[in-house]
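Here's the structure we're looking at; comments come further down.
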Amino acid sequence: MSLTLYNTMSRSKELFQPIDEQRVTMYVCGPTVYNRVHIGNARPAVVFDTLYRLLQKLYPNVQYARNITDIDDKIMQTASELGEDISTLSTRYAEAYFDDMAALNNLSPTIIPYATQHIPEMIDMVSRLIDKGHAYAVDNGVTGEQGHVLFAVQSMEHYGQLSQRLLDDMLPGARVEVASYKHYAGDFVLWKPSANNEPGWDSPWGRGRPGWHLECSAMIEKHLGESIDIHGGGQDLIFPHHENEIAQSCCAHDGKPFANVWMHNGFINIEGEKMSKSLGNFRMVNDLLEQYPGEVLRYVILSAHYRSEQNFGKDLLDSAWRSLDTLYSFLRAQGDVTATDVDITDSDAYRALLDDLNTPVAISELHKLAREMNAAQGGARSEAKGRLLAVAELLGLLQQDAEQWFTLARGGSDISAEQIEMLIAKRNQAKADKDYAGADAVREELKAMGVVLEDSREGTQWRRE
RNA sequence: GGCGCCGUAGCAAAGUGGUAAUGCAGUGGACUGCAACUCCGCGAUCGUCGGUUCGAUUCCGACCGGCGCCUCCA
């Protein structure tokens with residue numbers, strides 16, 4: 001059984017063949033930490049976390065790196081507005097990012113490299129690019145322009161391969177004004193000068209800071225090697241970010257392949273609209289987490305294929321929550337049935353994931369497995385439960401205690417479990433006395449507080465809704 | 001101007017050259033003191049129009065509609 005992945009470079013699904021089966025390498029572009037992250041940042045984290053889980057099943061050693069960009073103009077601007085040091089700001093938001101990602105049940109990557117901890121490596125790469133004739137330092141005597149080092153895209157034979165665009169086809173300055181010191185409009189910054197009041201590091205070209213794309217190339221080279229198996233990120237990064245990473249790395253390594261598989265997740269929209277500053281419709285992960293369990297967000301993200309566009313909305317989140325309720329209620333009904341270890345490599349869900357990470361199908365299998373578990377008798381229950389939980393673990397779902405899933409607070413009333421149990425006892429007494437009106441009154445009372453009662457032979461169970 | 005994506009039941013979302021998984025919602029029934037949970041059952045011919053084919057939702061073309069990117073937004 002083999003893994004197939006869609007490669008943006010070839011625009012087709014390809015059989016995944018690692019460079020070294022004993023050490024599979026994956027790099028995913030992480031956040032620039034100047035604010036809390038929005039739900040759009042969560043998607044690649046969840047998608048590639050799922051791929052990471054799958055790869056770990058297939059290979060003994062998977063090196064998964066996801067960076068933290070902690071030097072950037074947006075960070076500098078926000079830090080200066082708040083009157084604090086960039087490292088204070090970036091540390092705070094990096095921590096917040098880790099919290100948010102953990103809430104979505106993402107595993108921690110193997111390596112979390114920080115841009116500011118790799119300045120020497122970046123400077124070294126720039127020097128090599130200049131030496132090889134792929135980059136040039138601006139030296140035109142104009143104040144403010146000196147100290148820039150630019151990558152010369154025309155020096156690279158196949159520049160534009162990933163995004164499938166030719167230099168001539170691009171509208172120069174379509175969105176950003178072309179700086180006068182560029183030899184060519186498409187050239188991009190490797191190093192730029194910092195003013196005295198700006199953060200900066202000494203370099204052969206003066207005090208300055210790295211350009212946006214450089215960190216990823218330098219950190220990949222250091223931690224994963226010159227050629228890696230998988231490189232992922234959001235679709236918007238295809239151009240220019242990943243295109244330029246390729247340019248830097250390939251040229252620094254004399255044309256050696258950079259990443260064999262390029263994977264890009266689609267965008268998340270909010271109620272049909274792109275998240276944007278002008279619309280003011282950014283949905284921050286931590287805000288959503290106040291209304292929904294992280295697992296609901298994860299379920300929503302995995303319920304659509306990673307390459308398609310996804311529209312986040314209240315209906316979708318509520319629907320996902322109810323779906324998880326159904327799954328957890330099956331698990332709850334199993335009580336303390338022990339889950340046995342089951343090999344799931346022959347399951348439809350596993351096959352679906354091997355097919356370019358088809359998580360929607362895997363989730364549909366989750367529902368089928370839950371029903372099978374529900375129908376199972378005797379010893380078959382343990383196996384069915386084991387199968388369900390093993391598949392769910394690959395998706396990072398259903399790992400919580402089912403009892404807690406239903407009884408932990410859900411943002412409704414704050415009635416305590418003890419109070420609820422008291423009312424249930426009161427209702428049971430009423431039922432024993434055939435005082436059904438009284439019993440129903442208690443049910444209604446609890447219902448009004450978001451607590452639903454479920455009677456069964458074993459007694460009364462409750463859950464918050 | 002260039003590159004690319006999408007249009008499947010009320011909503012969400014897979015998928016296949018031979019009449020379409022799954023979830024949520026809805027609905028009929030069983031169960032229940034009443035409910036809830038659960039169980040059994042019910043719903044779409046796949047944007048439009050052509051073409052290829054014995055046969056297309058699936059391949060090709062056109063059109064309509066929605067959308068992304070083109071130098072620092074996941």
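So that the names make sense, note that chain A is the first sequence line, chain B the second, and so on, each numbered from 1.
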**OP:** Check whether the ring centres of A:F258 and A:H231 lie less than 6.0 Å apart, and answer yes or no.
**Re:** yes

Subject >> Inter-nucleotide P distance (B:rA14, B:rU8), Å rounded >> reply: 11 Å

**OP:** Determine, using ring centers only, whether A:W262 and A:H242 are less than 6.0 Å apart.
**Re:** yes

**OP:** Scan A:R11 against the nucleic acid and name what it touches under 4.0 Å (heavy atoms): base, sugar-phosphate only, or nothing.
**Re:** sugar-phosphate

Subject >> Steps toward side chain to side chain contact (heavy atoms under 4.5 Å, CB included) verdict (A:I68, A:F98) >> reply: CA-CA 10 Å; A:I68 292 288; A:F98 298 144; 4.0 Å; yes

Original post:
A:F48 vs A:Y306 aromatic rings, parallel, tilted or perpendicular, using cut-offs 30° and 60°?
Top reply: tilted

Original post:
Looking at the side chain of A:A304, which of B:rA74, B:rA14, B:rC72 is the nearest nucleotide?
Top reply: B:rA14

**OP:** Would you mind classifying the nucleic acid contact of A:K192 as base, sugar-phosphate or nothing, using non-hydrogen atoms under 4.0 angstrom?
**Re:** base

Contacts under 3.5 Å, N or O only, protein and nucleotides 19-25 of chain B:
from   : atom 1 : to     : atom 2 : distance (Å)
B:rA21 : O2'    : A:K368 : NZ     : 2.9
B:rG23 : OP1    : A:R371 : NH1    : 2.7
B:rG23 : O2'    : A:S323 : OG     : 2.1
B:rC24 : OP1    : A:T326 : OG1    : 2.8
B:rC24 : O4'    : A:S319 : OG     : 3.4
B:rC24 : O3'    : A:R322 : NE     : 3.2
B:rC24 : O2'    : A:R322 : NE     : 3.2
B:rC24 : O2'    : A:R322 : NH2    : 3.0

Subject >> P atoms of B:rG18 and B:rA13, separation to the nearest Å >> reply: 24 Å

Subject >> Check against side-chain hydrogen bond (donor to acceptor under 3.5 Å, both in side chains), A:E365 and A:S347 >> reply: CA-CA 9 Å; A:E365 291 301 321; A:S347 70; over 6 Å; no

**OP:** For A:L357 and B:rA14, give me the distance from atom CG to atom P, rounded to whole Å.
**Re:** 12 Å

Original post:
Quick one: A:M275 CE to B:rG68 P, roughly how many Å, whole number?
Top reply: 13 Å

Original post:
In whole angstrom, what separates A:H241's NE2 from B:rC70's C1'?
Top reply: 17 Å

Original post:
Side-chain N or O of A:S308 less than 4.0 angstrom from OP1 or OP2 on B:rA14?
Top reply: yes

Subject >> Those residues of residues 35-48 of chain A lying under 4.0 Å from RNA chain B by at least one heavy atom >> reply: A:H38, A:G40, A:N41

Subject >> Sugar-phosphate, base or nothing in reach of A:N311, heavy atoms under 4.0 Å >> reply: nothing

**OP:** Tell me whether the guanidinium CZ or amine NZ of A:R36 lies under 6.0 angstrom from the six-membered ring centre of A:Y97 and within 45° of its axis.
**Re:** no

**OP:** Report which part of the nucleic acid A:R332 touches: base, sugar-phosphate, or nothing (heavy-atom distance under 4.0 Å, all strands).
**Re:** nothing

Subject >> Phosphate contact (B:rU38 OP1 or OP2) by A:S329 side-chain N/O below 4.0 Å >> reply: yes

Return the polar atom pairs (N/O with N/O) between nucleotides 30-35 of chain B and the protein under 3.5 Å, or none.
from   : atom 1 : to     : atom 2 : distance (Å)
B:rG33 : O6     : A:R427 : NH2    : 3.3
B:rG33 : N1     : A:D440 : OD1    : 2.9
B:rG33 : N2     : A:D440 : OD1    : 3.1
B:rG33 : N2     : A:D440 : OD2    : 2.5
B:rC34 : O2     : A:D440 : OD1    : 3.3
B:rC34 : N3     : A:R443 : NH2    : 2.6
B:rC34 : N4     : A:R443 : NH2    : 3.1
B:rC34 : N4     : A:D455 : OD2    : 3.0
B:rA35 : N1     : A:D455 : N      : 2.9
B:rA35 : N3     : A:R443 : NH1    : 2.8
B:rA35 : N3     : A:R443 : NH2    : 2.8

Original post:
Atom CD of A:Q235 and atom P of B:rC5: how far apart are they, to the nearest Å?
Top reply: 10 Å

Subject >> Partner of A:H148 under ring-ring contact (aromatic ring centres under 6.0 Å, His included), chosen from A:Y136, A:Y181, A:W205 >> reply: A:Y181

Subject >> Pairing partner (Watson-Crick or G-U wobble, both distances under 3.5 angstrom) of B:rC69 >> reply: B:rG2

Subject >> Distance, C1' atom - from B:rG66 to B:rU45, rounded to whole angstrom >> reply: 23 Å

Subject >> Pairing nucleotide - B:rA9, Watson-Crick or G-U, each distance under 3.5 Å >> reply: none

**OP:** Determine the interplanar angle of the A:F406 and A:Y328 rings, folded into 0 to 90°, and report it as parallel if under 30°, tilted if 30 to 60°, perpendicular if over 60°.
**Re:** perpendicular

Original post:
For A:E243 and B:rC73, what is the distance between atoms CD and C1' respectively, to the nearest whole Å?
Top reply: 18 Å

**OP:** Indicate whether OP1 or OP2 belonging to B:rG15 is found under 4.0 Å from a side-chain N or O atom of A:N358.
**Re:** yes

**OP:** Between B:rC39, B:rC72, B:rC70, spot the one nearest the side chain of A:W212, thanks.
**Re:** B:rC72

**OP:** Quick one: label A:Q461 by what it contacts on the DNA or RNA (base, sugar-phosphate, nothing), any heavy atom closer than 4.0 Å.
**Re:** nothing

Original post:
Separation of A:K274 atom NZ from B:rA74 atom P, in whole Å?
Top reply: 10 Å

Original post:
Quantified in whole Å, what is the P atom distance between nucleotide B:rG2 and nucleotide B:rU22?
Top reply: 44 Å

**OP:** Would you mind reading off the distance between A:L237 atom CG and B:rU71 atom C1', rounded to a whole angstrom?
**Re:** 12 Å

**OP:** Please determine which of A:L289, A:D287, A:L288 meets the side chain to side chain contact (heavy atoms under 4.5 Å, CB included) test together with A:V285.
**Re:** A:L289

Original post:
Can you check side chain to side chain contact (heavy atoms under 4.5 Å, CB included) on A:M9 and A:I246, steps first, answer last?
Top reply: CA-CA 11 Å; A:M9 187 64 88; A:I246 293 171; 3.8 Å; yes

**OP:** Once you apply the 3.5 Å cut-off to both distances, tell me the Watson-Crick or G-U wobble partner of B:rG41, or none.
**Re:** B:rU27

Subject >> A:D70 versus A:T116, side-chain donor and acceptor atoms under 3.5 Å >> reply: yes

Original post:
Looking just at side-chain N and O atoms, do A:Q400 and A:Q404 make a donor-acceptor pair shorter than 3.5 Å?
Top reply: no

**OP:** Determine whether A:V451 and A:R463 make a side-chain contact, defined as any pair of heavy atoms from C-beta on separated by less than 4.5 Å.
**Re:** no

Original post:
What nucleotide among B:rC39, B:rU71, B:rA14 has an atom nearest to a side-chain atom of A:Y159?
Top reply: B:rU71

